[in-house]
Amino acid sequence: MEEEVHGIVIVGGGICGLATALALHRKGIPSLVLEKSETLRTAGGSIGVHVNGWRVLEQLGIAPELRETADIVTEFHDVWPQEQGDKRVVVPVRGELRWLKRKDLIETMAKNIPSGAIRFGCHIAEIHPANPENHGAVLTTVEGSIIRAKALIGCDGSNSVVAKYLGLSPPRSTSRMLLRGVTRYPHGHPFGPHFLRLRCKGLFVGRSPMTDNLVSFFVAFWHPGADSTKDARAMKAFVLEKLKDQCSDEIIEMVRDPDPESLIVLTRIWYRPPWQVMFSSFRRGTATVAGDAMHVMGSYIGQGGSAALEDALVLARSLSRAAAGGRELREEKIGAAMGAYVRERRLRVVRLSLESFAMGTLLATKSLLTKLACFAIVTLLGTNSLGHTEYDCGRL
Ligand SMILES: Cc1cc2nc3c(=O)[nH]c(=O)nc-3n(C[C@H](O)[C@H](O)[C@H](O)COP(=O)(O)OP(=O)(O)OC[C@H]3O[C@@H](n4cnc5c(N)ncnc54)[C@H](O)[C@@H]3O)c2cc1C
């Protein structure tokens, strides 16, 4: 069976894997990204990137190009429909927030990575240590090919084979339904630069402008067949029925007429509980994880993607410090650099996981005591005023 040997190998070519490869490339360090899909995975509609994510995109050199693709969002409007008139709270956005097309983000990162540094159709099935010191790893693809890596970075999402190799517990999930889509307004939408968070009975609707003509939305809800259906059209019909008596026509029209290919339904929200993020060992020799593989956190505070970008920058900076002086990266130095990366990221990702966990629990629980505890956490951490977006992970 064929066997290859490489330096830094990144498993997963999503937001985190591509950002890590690009950040390493900017520091003059080559890497190889192994992606199981046959092409770039550009599906998934839109992603909100807050100022902490934009700081990273700036360091990666792709912020100006991406700014051209999406408008700025200036306020969150939290609305509770009530018979005697809606209750509305306006929260100003801190710094820059734009809703990007995931496709634009992924494609812009990929085109700035040297050709040949992303290998598609390469599905890693198993990983073993290369030696008893865990210096290096041996990766086996589903076809049985062997790839030896001096350093291994797992950016392979919530169901990560690298996380399994590190001995991490599998992430947990809740059975909440989420319908997402992007709706086109050929003559322009009337919503201004505002993100709407509408709390209806049994439904939570989010709506964000992307450009003058495009609006991204999601509806979170509970459905009795939560685990059995992924039929987006059936779920759309179910949601529209629920929205009929509670929401304005403009919300109903937005959910009724999205671009068909943008409509997706999720039946499970994956998350790593904050205590796991706090105490797990995210390094084994010269292997580590980043992005959702490290700290998948659901979509409650919209920070999974930006946190993955931060991970990429900090990891690449740490590895480049270890390589400073142009000497070849030795295994002990790689291990130490990965250790420094994990230490630097730990408290940041614990905070984000805790905020997301508390927000998710607040929406789902019926227990008054649990509600109070979660409310205390989000108040203390300033979740609703978006305090977490102020974080600056520094220069590359
Ligand atoms: C509904 C929803 C809404 C969200 N909204 C936001 C938002 O507004 N803002 C925000 O910042 N975040 C948001 N997030 C979170 C964000 O999408 C994720 O945190 C982010 O995509 C994580 O990127 P990643 O690269 O770590 O993982 P992924 O995007 O999951 O990428 C993992 C990649 O690894 C590949 N892969 C997996 N296993 C293997 C293998 N064994 N071998 C080879 N390749 C493999 C996969 O094909 C994939 O390409 C949202 C998430 C959800 C579910």
Side-chain angles (χ1 to χ4, degrees), residues 9-21 32-54 56-57 70 73 97-102 105-106 109-110 118-127 139-143 145 147 152-165 171 173-174 176-181 195 206 208 210 216-220 264-272 289-312 315 349 352-353 356 360 388-389:
V9 168
I10 298 167
V11 181
I15 291 174
C16 191
L18 296 178
T20 305
L32 175 67
V33 178
L34 307 176
E35 167 55 49
K36 68 179 177 184
S37 306
E38 295 299 330
T39 53
L40 281 177
R41 286 190 61 198
T42 53
S46 65
I47 181 157
V49 179
H50 285 269
V51 61
N52 55 312
W54 282 102
V56 178
L57 296 175
V73 176
L97 168 62
R98 293 172 201 264
W99 242 260
L100 296 177
K101 283 191 216 116
R102 201 175 270 261
L105 177 58
I106 291 278
M109 290 197 285
I118 309 174
R119 186 179 299 174
F120 293 104
C122 185
H123 189 167
I124 302 305
E126 275 181 20
I127 304 172
L139 289 73
T140 310
T141 67
V142 288
E143 286 88 20
S145 304
I147 299 169
L152 173 64
I153 303 172
C155 299
D156 45 344
S158 52
N159 187 22
S160 163
V161 66
V162 182
K164 206 182 289 171
Y165 170 68
S173 70
T174 51
R176 207 167 165 79
M177 304 283 287
L178 203 67
L179 186 74
R180 302 191 73 191
F195 187 105
S208 179
M210 298 168 72
S216 162
F217 74 84
F218 69 83
V219 186
I264 49 170
V265 62
L266 301 176
T267 54
R268 305 231 125 229
I269 306 274
W270 293 93
Y271 69 97
R272 200 175 277 292
V289 276
D292 277 8
M294 187 189 210
H295 47 65
V296 60
M297 61 180 81
S299 52
Y300 299 106
I301 59 168
Q303 274 290 336
S306 293
L309 291 171
E310 291 176 7
D311 293 343
L315 181 52
V349 292
L352 293 176
S353 304
S356 189
H388 50 255
T389 65

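All ligand and atom numbering here is 1-based and tracks the order in the structure. Positions are given from 1 along the sequence. Quantities reported herein were computed from a predicted structural model and do not represent experimental measurements.
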S.K.: Which protein heavy atom lies closest to atom 35 (C) of ligand 1, and at what distance to 0.1 Å?
M.R.: Glu35 OE1, 3.3 Å
S.K.: Can you tell me how far apart NE2 (His50) and NE2 (His388) are? Round to the nearest 0.5 Å.
M.R.: 5.5 Å
S.K.: To the nearest 0.5 Å, what is the distance between OG on Ser37 and CD on Glu35?
M.R.: 4.0 Å
S.K.: Show me which atoms of ligand 1 lie under 4.0 Å from any heavy atom of Cys122.
M.R.: 42 (N), 43 (C)
S.K.: Partners of Phe217 by ring pair (Phe, Tyr, Trp, His ring centres under 6.0 Å), sequence neighbours excluded?
M.R.: none
S.K.: Looking at atom 28 (P) of ligand 1, what's its closest protein heavy atom, distance included?
M.R.: Gly157 CA, 4.3 Å
S.K.: Is it the side chain (CB and beyond), the backbone, both or neither of Arg41 that lies under 4.0 Å from ligand 1, heavy atoms counted?
M.R.: side chain
S.K.: Which atoms of ligand 1 are found less than 4.0 Å from any heavy atom of Gly48?
M.R.: 7 (C), 8 (O), 9 (N), 10 (C), 11 (O)
S.K.: Provide, to 0.1 Å, the distance between atom 51 (C) of ligand 1 and the closest protein heavy atom, together with that atom's residue and name.
M.R.: Ser299 CB, 4.2 Å
S.K.: Hey, what do you get for OG1 (Thr39) to CD1 (Ile106), rounding to the nearest 0.5 Å?
M.R.: 11.0 Å
S.K.: Is any side-chain heavy atom of Thr140 closer than 4.5 Å to a side-chain heavy atom of Ile124?
M.R.: no
S.K.: Is there a polar contact, in the sense of an N or O pair closer than 3.5 Å, between Ile15 and ligand 1?
M.R.: yes
S.K.: At a 4.0 Å threshold, what atoms of ligand 1 neighbour a non-hydrogen atom of His123?
M.R.: 40 (C), 41 (N), 42 (N)
S.K.: Where does Val161 meet ligand 1, judged by heavy-atom distances below 4.0 Å: at the side chain, the backbone, both, or neither?
M.R.: side chain
S.K.: Taking distance alone, with N or O pairs closer than 3.5 Å, would you say Cys16 contacts ligand 1?
M.R.: yes
S.K.: Side chains of Val265 and Met177: does their closest heavy-atom pair fall under 4.5 Å?
M.R.: yes
S.K.: Under 4.5 Å between any side-chain heavy atoms of Leu32 and Ile10, yes or no?
M.R.: no
S.K.: Backbone or side chain, does any N or O of Ile124 fall under 3.5 Å from an N or O of ligand 1?
M.R.: yes
S.K.: Could you measure the distance from the CD atom of Gln303 to the CE atom of Met297? Nearest 0.5 Å is fine.
M.R.: 7.5 Å
S.K.: For Phe218 versus Leu178, what's the shortest heavy-atom pair and its separation?
M.R.: CD1-CD1, 4.0 Å
S.K.: For ligand 1, which is the ligand I care about here, please tell me if Asn159 has any N or O atom under 3.5 Å from one of the ligand's N or O atoms.
M.R.: no
S.K.: What's the separation between atom OG in Ser306 and atom CD in Glu310, rounded to the nearest 0.5 Å?
M.R.: 7.0 Å
S.K.: Would you say Val11 and ligand 1 have an N/O pair spaced under 3.5 Å apart?
M.R.: no
S.K.: Any nitrogen or oxygen of Gly302 lying under 3.5 Å from a nitrogen or oxygen in ligand 1? Just yes or no.
M.R.: yes
S.K.: If you take the nearest heavy atom of each of Ser37, Ala293, Gly14, Gly304, which one is closest to atom 33 (C) of ligand 1?
M.R.: Gly14
S.K.: Quick check on Arg102 - does any of its heavy atoms sit under 4.0 Å from an atom of ligand 1?
M.R.: yes
S.K.: List ligand 1 atoms under 4.0 Å from Ser306, heavy atoms only on the residue side.
M.R.: 11 (O)
S.K.: Any idea which heavy atoms bring Ala293 and Asp156 closest together, and the distance?
M.R.: CB-OD1, 3.8 Å
S.K.: Which one holds for Lys164 and ligand 1: side chain close, backbone close, both close, or neither close, with close meaning a heavy atom under 4.0 Å?
M.R.: neither
S.K.: Within the side chain of Asp311, is there an N or O that forms a donor-acceptor pair under 3.5 Å with the backbone of Ala290?
M.R.: no
S.K.: Using the side chain to side chain contact (heavy atoms under 4.5 Å, CB included) criterion, which residues pair with Ser46? Sequence neighbours excluded.
M.R.: Trp99, Arg180, Met210, Ser216
S.K.: Geometry only, no angles: is Gly298 polar-contacting ligand 1 at N/O separations under 3.5 Å?
M.R.: no
S.K.: What protein heavy atom sits nearest atom 37 (C) of ligand 1, and how far off is it?
M.R.: Asp156 O, 3.3 Å
S.K.: What residue and atom, counting heavy atoms only, is the protein's closest point to atom 5 (N) of ligand 1, and at what distance?
M.R.: Arg180 NH2, 4.1 Å
S.K.: With a 4.0 Å heavy-atom cut-off (strictly under), which part of Leu266 contacts ligand 1: side chain, backbone, both or neither?
M.R.: side chain
S.K.: In the protein, which heavy atom is nearest to atom 19 (O) of ligand 1, and how far is it?
M.R.: Asp292 OD1, 2.7 Å
S.K.: What heavy-atom pair brings Cys16 and Ala312 nearest, and what distance separates the two atoms?
M.R.: O-CB, 4.2 Å
S.K.: Tell me: protein heavy atom nearest atom 34 (O) of ligand 1, and distance?
M.R.: Gly12 CA, 3.2 Å
S.K.: Measuring from His295:NE2 to Ser356:OG, what's the distance to the nearest 0.5 Å?
M.R.: 11.5 Å
S.K.: Heavy atoms only, cut-off 4.0 Å: how does Ser158 contact ligand 1, side chain, backbone, both, or neither?
M.R.: neither
S.K.: Please state which part of Leu178 comes within less than 4.0 Å of ligand 1, counting heavy atoms only: side chain, backbone, both or neither.
M.R.: side chain
S.K.: Out of all atoms in ligand 1, which are within 4.0 Å of some heavy atom of Leu34? Include the element for each.
M.R.: 43 (C), 44 (N)
S.K.: Counting C-beta onward and ignoring hydrogens, is there a side-chain heavy-atom pair between Thr141 and Leu139 closer than 4.5 Å?
M.R.: no
S.K.: Does ligand 1 have a heavy atom under 4.0 Å from the side chain of Cys155, from its backbone, from both, or from neither?
M.R.: backbone
S.K.: Closest non-hydrogen protein atom to atom 12 (N) of ligand 1, residue and atom name please, with distance?
M.R.: Gly305 N, 3.0 Å
